[in-house]
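Only one structure is covered here, and it is reproduced in the block below.
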Amino acid sequence: MVGKKETENLIKTNDGSMVFNDFCITISTVNGSGSATANNTILKAIFKMGIPAVGRNIFPSNIQGMPTWYSIRVNKNYYLGRVEKDNILIAMNQETIEDDLNNLVPGGVLIYDKNLSFPKKLSEIFTYSIPVGFLLEQAKAPTYLRVYLANMVYVGALAFLLEIDLAKIEEVLKQHFKGNKKAIDPNMHVINTAFAWSQEHLEKKDPYFLKPMQGTEGHIIANGNTAAALGALFGGLQFAAWYPITPATGIAESLNEYIPKLRKDPQTKKINCVVVQAEDELAAIGMSIGAGWAGLRSMTSTSGPGMCLMSEYIGLAYQSEVPVVIWDVQRVGPSTGLPTRSSQGDLSFSYFMSHGDTDCVILIPGSVNECFEFGWRALDIAEELQTPVILLSDLYLGMNNWMTRAFEYPSTPIKRGKVLWEKDLKSLLKESNGVWGRYVDLDGDGVPYRTVPGNLHPNAAYFTRGTGHDEYAQYSESPEVWKREHDRLKRKFITARKFIPEPILEKNNQAEIGIIAFGSTYYALVEACDILKKQSIKIDYLRIRALPFHDSVEEFFINHQKVYVVEANRDGQLAQLLMINYPKVAPKINIISRLNGISLSAEWIVRTVLEKENSDE
């Protein structure tokens with residue numbers, strides 16, 4: 001066995017240095033083998049050591065047997081986007097070993113099950129062979145659990161090689177299994193057995209170490225779907241209907257998990273939020289709109305295929321002015337597409353949702369923290385504008401575990417908008433000579449006043465319809481009435497700018513070149529801008545967080561000679577919408593887009609920008 005100080009003298013990278021808290025670990029396993037518990041244990045133990053880290057999963061759309069990968073990026077500088085190469089590979093799947101090795105950096109680390117065979121001689125990397133089956137025998141792991149406990153062998157080996165605190169690992173397992181010793185003890189016993197064996201038989205040669213930091217204070221580990229559900233609950237959600245679909249299912253599952261804890265009346269002990277699993281997406285959106293019409297704060301969650309089915313109902317809510325929130329956790333389309341891969345491909349579809357002339361308000365979170373924040377803000381905005389509000393997340397953000405700031409309680413009271421109760425309606429009728437119309441624009445902002453069931457005033461009732469109607473909700477096919485109605489709805493879309501989140505200037509280098517992007521590309525872009533700055537290319541980065549576009553978007557174009565629009569779809573959908581809205585600045589727009597189901601990396605963005613910059617010289 002080699003001691004720590006002695007080991008540090010032996011270990012060198014190409015430039016003669018050790019690497020602390022700055023590398024990527026990828027674990028290659030088989031779907032359905034129970035590796036998720038092991039992988040999350042590693043991630044959360046590292047996080048508990050105060051080291052910034054993020055975990056991302058690439059998994060197949062079947063239930064069991066296909067390859068799956070889990071990557072943990074550790075970075076002391078808080079860069080959390082995807083990287084293209086691995087520093088450490090844990091190989092547990094014979095089928096993918098050749099491709100996995102090709103993704104390992106020179107001087108990288110291979111930790112592998114002794115039973116695996118390799119297609120070529122291993123060179124230029126550090127290797128550690130682990131006898132997984134033998135160690136399970138040594139730990140006397142129950143036969144029926146061995147396929148799952150095998151993953152804990154690499155947890156123990158990695159803990160030794162990287163110096164992960166075993167106490168932190170045990171703490172994570174206690175939290176995961178909710179203190180159940182029957183579940184904790186077998187897992188921890190295998191980890192301790194593998195750790196002890198590694199101490200005795202492995203000689204540390206590689207340069208990678210973990211070193212405790214204070215870099216995670218005030219942060220938590222969470223995924224975007226859970227954050228969205230919690231945000232909605234803290235925002236007063238009362239009803240949600242849904243139908244299962246990857247990658248959005250986690251939102252409804254999180255609602256069901258947290259409602260008993262967060263939404264039980266302390267006096268009556270009754271639950272005050274209802275979740276209904278509908279028979280399909282049509283029923284889910286129909287129920288959600290019905291609940292919104294009835295005065296409940298209401299939402300549904302789905303992905304691209306579900307949005308296609310919901311589009312007609314969303315048009316009904318737009319035309320009849322019913323508040324409802326729709327979460328679209330995007331995946332690769334069209335059709336079934338790639339259900340377990342991520343994209344930003346639903347932006348154009350959402351913007352032009354439903355047939356006819358419609359304008360949909362869209363919120364686009366760029367982080368897990370914003371999934372929480374927009375979860376409650378969307379409910380306010382939907383009610384203040386009396387319209388559907390679409391939230392565009394994606395699989396990359398929604399299903400992966402991110403380090404994020406601890407969620408903050410909503411900073412404002414719940415905003416119900418222009419809802420009239422008996423006293424309100426009585427006062428309004430007095431001011432308007434006894435006449436009230438559901439769709440009368442009294443304030444000139446396009447947003448009328450509404451009543452909801454339960455208002456006992458005799459004038460509160462009106463007929464809700466998706467057909468043509470006048471200001472008093474009376475059926476009409478008059479061309480003048482239709483034009484007047486939809487001119488008002490357009491005013492409402494303009495009014496929306498007062499309520500939606502403004503863009504954020506993430507990087508302000510006083511540059512001539514700008515980048516505009518949206519959503520989860522945030523993590524890669526922050527890092528890419530810093531890399532480009534070190535190469536003497538200054539770039540300003542504006543992150544769009546909502547549509548309609550804010551006035552500051554046009555100002556950004558005016559202040560920059562060239563603007564790259566970066567997005568994870570094939571055709572550059574955000575760029576197209578910017579060209580439609582700002583045709584005069586269209587010549588400044590340069591599209592940087594890619595769709596292959598994998599999130600954009602800082603390396604790819606940097607390469608693409610440099611190629612375009614060099615081609616313009």
Handout entry: CZ (Arg607) with more than 12 external heavy atoms under 6.0 Å
Key = yes
Exercise for the section: Verify side chain to side chain contact (heavy atoms under 4.5 Å, CB included) between Tyr523 and Ser367, making sure each step is shown before the conclusion. Expected result: CA-CA 8 Å; Tyr523 296 98; Ser367 66; 3.4 Å; yes
Practice task
Under the side chain to side chain contact (heavy atoms under 4.5 Å, CB included) rule, what do Gln535 and Val606 come out as? Steps first, then yes or no, please.
Solution key: CA-CA 10 Å; Gln535 300 184 29; Val606 168; 4.3 Å; yes
Practice task
Could you tell me whether Lys211 sits above the aromatic face of Phe20, with NZ or CZ closer than 6.0 angstrom to the six-membered ring centre and within 45 degrees of the axis?
Solution key: yes
Problem - Heavy-atom pair with the smallest gap, counting every atom of Pro142 and Leu149 - result: CD-CD1, 4.1 Å
Problem - Any donor-acceptor N/O pair, Gln573 side chain to Ser348 backbone, under 3.5 Å - result: yes
Exercise for the section: May I ask you to decide if Lys205's main-chain N or O and Tyr128's side chain share a donor-acceptor pair within less than 3.5 Å? Expected result: yes
Problem - Phe59 side chain reached by Trp69 side chain, heavy atoms, under 4.5 Å - result: no
Completion exercise
Note: Ser303 and Ile245 closest approach over all heavy atoms is N-CG2, 3.7 Å
Practice task
Measure up the Trp402 and Tyr396 rings against each other and bin them: parallel (under 30°), tilted (30 to 60°), perpendicular (over 60°).
Solution key: perpendicular
Handout entry: Residues Glu527, Arg73: salt bridge by 4.0 Å N-O rule
Key = yes
Exercise for the section: Ignoring hydrogens and angles, state whether a donor on the side chain of Glu567 or Asn569 is under 3.5 Å from an acceptor on the partner side chain. Expected result: yes
Handout entry: Donor-acceptor contact below 3.5 Å, side chain Glu613 vs main chain Val609
Key = no
Handout entry: 4.5 Å side-chain heavy-atom contact, Phe23 and Leu210
Key = yes
Exercise for the section: Please determine, by modelled atom types, if Asn223 and Thr226 share a side-chain donor-acceptor pair under 3.5 angstrom. Expected result: yes
Exercise for the section: Assess Lys204 against Phe209: is NZ or CZ under 6.0 Å from the centre of the six-membered ring, and within 45 degrees of the ring's axis? Expected result: yes
Practice task
Answer yes if the side chains of Ser601 and Glu84 hold a donor-acceptor pair under 3.5 Å, and no otherwise.
Solution key: yes
Handout entry: Minimum side-chain heavy-atom gap Arg146-Leu136 below 4.5 Å
Key = yes
Handout entry: Within 45° cone and under 6.0 Å: Lys261 NZ/CZ vs Tyr258 ring
Key = yes
Problem - Backbone of Ser599 reached by a side-chain donor or acceptor of Arg82 within 3.5 Å - result: yes
Practice task
Determine yes or no for a side-chain-to-main-chain donor-acceptor pair under 3.5 angstrom, with Glu170 supplying the side chain and Met188 the backbone.
Solution key: no
Exercise for the section: Quickly, which of Ile58, Asn39, Thr26 forms a side-chain contact (heavy atoms from CB on, under 4.5 Å) with Ser71? Name it, please. Expected result: Thr26
Problem - 4.5 Å side-chain heavy-atom contact, Ile90 and Leu110 - result: no
Practice task
For the pair His189 (side chain) and Asp185 (backbone), establish whether a donor and an acceptor sit closer than 3.5 Å, ignoring hydrogens and angles.
Solution key: no
Handout entry: Backbone N/O of Asn77 and side chain of Asn75: donor-acceptor pair under 3.5 Å
Key = yes
Practice task
Find out whether Val368 and Leu397 are in side-chain contact, i.e. whether some heavy atom of one side chain is under 4.5 Å from a heavy atom of the other.
Solution key: yes
Practice task
Assess the side chains of Thr96 and Asp100: does a donor N or O sit below 3.5 Å from an acceptor N or O?
Solution key: yes
Practice task
Of all the heavy-atom pairs spanning Gly156 and Ala194, show the shortest one and how long it is.
Solution key: CA-CB, 4.0 Å
Handout entry: side chain to side chain donor-acceptor pair (under 3.5 Å) partner of Tyr70, chosen from Asn57, Asn400, Thr29, Asn40
Key = Asn40
Exercise for the section: Indicate yes or no: does Arg405 engage Glu373 in a salt bridge with an N to O separation below 4.0 Å. Expected result: no
Exercise for the section: Give the minimum heavy-atom separation between Ile111 and Ile130, together with the two atoms involved. Expected result: CG2-CG1, 3.7 Å
Problem - Check: Ala183 main-chain N/O paired with Asn187 side-chain donor or acceptor under 3.5 Å - result: yes
Exercise for the section: Report yes if some heavy atom in the side chain of Glu281 is under 4.5 Å from a heavy atom in the side chain of Thr302; otherwise report no. Expected result: yes
Problem - Distance-minimising heavy-atom pair for Gln330 and Leu347 - result: OE1-N, 4.0 Å
Problem - Check: Ser343 side chain, Gly345 main-chain N or O, donor-acceptor pair, under 3.5 Å - result: yes
Handout entry: Whether Ser342 side chain and Arg331 backbone form a donor-acceptor pair below 3.5 Å
Key = no
Practice task
Would you check if Ile251 and Val329 make a side-chain contact, meaning some heavy-atom pair closer than 4.5 Å?
Solution key: yes
Handout entry: Considering all heavy atoms, the nearest Ala575-Val565 contact
Key = N-CG1, 3.7 Å
Practice task
State whether Asp530 and Lys507 are salt-bridged, where the test is any N-O pair (Lys NZ or Arg NE/NH1/NH2 against Asp/Glu carboxylate O) under 4.0 Å.
Solution key: yes
Handout entry: Contact check, side chains of Lys76 and Ile51, non-hydrogen atoms, under 4.5 Å
Key = no
Practice task
Determine, stepwise, if the pair Tyr112 / Phe118 fulfils ring-ring contact (aromatic ring centres under 6.0 Å, His included).
Solution key: CA-CA 10 Å; Tyr112 64 97; Phe118 300 95; 4.7 Å; yes
